[in-house]
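The structure presented is a predicted model; accordingly, all values stated were derived computationally and were not measured.
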Amino acid sequence: MTDLLTQLNDAQREAVIHTEGPVMIIAGAGSGKTRALTYRIAHLLQRGADPFSILALTFTNKAAREMKERIMSLIGDREGRNVWMGTFHSVFARILRAEGHHLGYPQNFTIYDTDDSKRLIRGILSELNLDQKVYNPSYILHRISNAKSNLFSATDYLNNPEVQTADAAAGKPLTGEIFRTYSARLKRADAMDFDDLLYNTNLLFRDFPEVLYKYQHRFRYILVDEYQDTNHAQYLIIKRMAALHENITVVGDDAQSIYAFRGANIQNILNFKVDYPDHRLFRLEQNYRSTKVIVNAANGVIAKNKDQIKKTVWTDNDEGMPISLLRATSDNEEGTLVANSIFGFKMSKQLPNKHFAILYRTNAQSRSIEEALRRQGIPYKIYGGLSFYSRKEVKDLLSYFRLVINPNDEEALLRIINYPARGIGKTTIEKLQVLSNDHQCSIMELISKPDHRLTEINRGTITKLTDFATMIRSFAVKLDKMNAFELAEHITKSVGIMAALKEEDNIESVNRIENIEELLNAIMEFAEREPVAGELGEEGVPQRSLGHFMQEVALLTDADKNDDSENADYVSLMTIHAAKGLEFPYVYIVGLEENLFPSIQSIGTRSELEEERRLFYVALTRAEEKVTISYAESRYRWGSLSLSEPSRFIEEIDIQYIESPKKNQQDFRQKQALSGLDAFQRKLMPTPPAASKNESNDEPFEASDVDSLQNGMTVEHQKFGTGKIIQLEGAGANKKATVFFPGIGQKQLLLKFAKLKICDA
DNA sequence: TCCGATCTATTTTTT
DNA sequence: ATAGATCGGA
């Protein structure tokens, strides 16, 4: 074991050795924030602190895992693995599993994800006969989530005149009622949503002093990463837990606060000074990550924000390369330019793919980039987007597991009671829902032992229902007899999901089968993995059951699954939010257009705009050596072409750091951009000219005239390749072609959009 | 009850 | 462009 302290700079060392009392570390981007945090924990352990007395909270599973690995490599596995380290949500979920009975929750409560929450809200809306357009489920959930993050219960919400007036003014006076029903339904299902994990932990600590006392004693040292992203609920929990020892360390950077939209409160950093007047404040200002150009350019951008804590981030690194600006006429061309640029750097500097990252504001932007990378033959990996665990078939199977573990889990039940089809239709389900409201009990309870309450339902259907209940119960009995994989496989076989998919027998269903197999593989890996202390509850549990797997999976929504990433070599694609905490030598920030970045819904208020600017700051500071930014003058949004202006953020970068586009290229583009006729034509033309106009060495793709297409012709499609026209129908704008693409299958293409080139007649 | 046709929202970011 | 929800007919 080496002396840890010699590996730190002065500021970092100071922050590490002051082990007692409240400490706040304001750490600029790339200043070794994680390093300070991990070394601090390692230092504590080295000085004899009990690993079980240390709690470290992060926002992502990934951050927690990485920190744990680094600590274990610093001071050894044995000590390191016993530190309680995890996301707020996962740590609090664990506390609630152990203590939830105080609040009337069973140990096996389900965690509803956003999808489940929205379904539940939709259900409530239709019960209350409310318009889904007025009461948009996403909006309602957002309202409820914000309320809970600020520790408002449904009752508080209904009793608050300001909130009520606001909802009435917004034309949604019944939001509070929906909130109330929503909460009651969650409770009846023995379920918590993400916000409940925080809300209920607060309740627990507020109302049960003996429970609070237990955790206050246990956690002698508390460390919080990304403190600027905590919301009020998290703030209060931490404050309560730390109240006894006051050994609390928070690390944050107000310039990187990008989650205000979901309730994060920068004020928490300022409150820290008030709550702990005798705190020590350390500033980490030396950036080790990026070149001078990047650090200075980013500093210049963030300086435009009014709300910020003054600090001076600087670096000793080289000057570095200027920031490049790519201007494209269309989103497709943007993708091509980026792909070409990456290809160029790869060749000229012999760089691996993993040195490159492409960052965007919204997930939807990934498509044009992906296509370009594929054409250029550059391997890539997308982080985030539609998570594996939210795919339909995966959720379906997981719903079986959920229902087996918690029979009251209503969203799970509704998903699968008739999938695969077993003759339990909509009418029956509606009747059951009414009954479950009337009798205040779960549907599973009603159908487990059918009695007089089910008189409305005919005999044959009742048999189907009891068969279903019996089947679920037969699985439940095996929960602690089989390990996770044995039971998961047993359930998958018994319910016939695979058989149903095999019967469908198309490209889609083959894909779904693969996903289910992948899920089962993940469960097998889980079952065989050595249990890590603390992972399965307090002291570890001998068998890795399906219940344990489901506890882990509920909070594992993002790119956490099978990290084969270490050796693989690919370009990373992700949203800027997902990129926080990561770094790459070469970073491309794409889609720098007004109304996209900054987002159209965030240009209304100064604070929202400043959050967008912080997001841009985060994007810039991900880069070690080179930043390239790009924008497109037109872009497909919602399936139609729209024109866009360059983002105001481009101008906010000091011109001295930007490499102007190559002279002739600029002239060429400018001519195009300035031509009003061109823009006008683009608006009218069904297909964007961009693909054929770009200067890449791609073959221009020109669609053949729609009217000359005939049945039986071989045609080429840009994405699907060559195929044969099976059928043509409709006329004019609605003309449709059914084309069979070998290896892909049949596709219905609306010729207004799809470009088809005739290969032979 | 099932199937296909039609309609509609989706695009801000995530635990 | 596309998945999902909804509706109407068999």
J.: Would you classify A:Phe597 as touching base, sugar-phosphate or nothing, given that sugar-phosphate means primed atoms plus P, OP1 and OP2, and contacts are heavy atoms under 4.0 Å?
T.: nothing

J.: How far does CD of A:Glu593 sit from CZ of A:Arg361, to the nearest 0.5 angstrom?
T.: 13.0 Å

J.: Do the charged groups of A:Asp116 and A:Lys395 touch, with an N to O distance under 4.0 Å?
T.: yes

J.: Between A:Glu371 and A:Arg367, is the closest basic N to carboxylate O distance under 4.0 Å?
T.: no

J.: Could you go through nucleotides 8-13 of chain B and list every protein N or O atom that sits under 3.5 Å from one of its N or O atoms, giving the distance for each pair?
T.:
from	atom 1	to	atom 2	distance (Å)
B:dT10	OP1	A:Asn136	ND2	3.3
B:dT12	OP2	A:Gln601	OE1	3.2
B:dT12	OP2	A:Gln601	NE2	2.1
B:dT12	O2	A:Arg361	NH1	2.9
B:dT12	O2	A:Arg361	NH2	2.2
B:dT13	OP1	A:Asn363	N	3.0
B:dT13	OP1	A:Asn363	ND2	3.4
B:dT13	O2	A:Arg361	NH2	2.7

J.: In whole Å, I'd like the distance from the CG atom of A:Asn332 to the P atom of C:dA1.
T.: 11 Å

J.: Please state how far atom CD in A:Glu393 lies from atom P in C:dG4, giving the value in whole angstrom units.
T.: 9 Å

J.: Classify the nucleic acid contact of A:Lys426 as base, sugar-phosphate or nothing, counting any heavy atom under 4.0 Å across all strands shown.
T.: sugar-phosphate

J.: When the distance from CZ of A:Arg391 to P of C:dG4 is rounded to whole Å, what number comes out?
T.: 11 Å

J.: What ring-ring contact (aromatic ring centres under 6.0 Å, His included) pairs are there with at least one residue in residues 587-618 of chain A, not counting sequence neighbours?
T.: A:Phe597-A:Phe616, A:Phe597-A:Phe649, A:Phe616-A:Phe649

J.: Distance check needed: B:dT1 P versus A:Ile417 CD1, whole Å only.
T.: 11 Å

J.: In this structure, how many angstroms lie between the C1' atom of B:dT14 and the CG atom of A:Leu197, rounded?
T.: 14 Å

J.: Would you mind telling me which of C:dA1, B:dT15, B:dC2 lies closest to the side-chain atoms of A:Arg367?
T.: C:dA1

J.: Please report, rounded to the nearest Å, how far the C1' atom of C:dA1 is from the CD atom of A:Glu370.
T.: 14 Å

J.: Expressed in angstrom and rounded to an integer, what is the separation of A:Asn146 atom CG from B:dT14 atom C1'?
T.: 13 Å

J.: Specify the residue among A:Thr114 and A:Arg422 whose closest nucleotide of DNA chain B lies further upstream toward the 5′ end.
T.: A:Arg422

J.: Check whether the ring centres of A:Phe261 and A:His577 lie less than 6.0 Å apart, and answer yes or no.
T.: yes

J.: Whole angstrom is fine here: how far is it from CG in A:Asp396 over to C1' in C:dG4?
T.: 13 Å

J.: By the 4.0 Å heavy-atom rule, please label A:Ser90 as base, sugar-phosphate, or nothing.
T.: nothing

J.: I'd like to know if A:Arg415 and A:Asp115 make a salt bridge, using a cut-off of under 4.0 Å between side-chain N and carboxylate O.
T.: yes

J.: Are the side chain of A:Glu411 and the backbone N or O of A:Tyr112 linked by a donor-acceptor pair below 3.5 Å?
T.: no

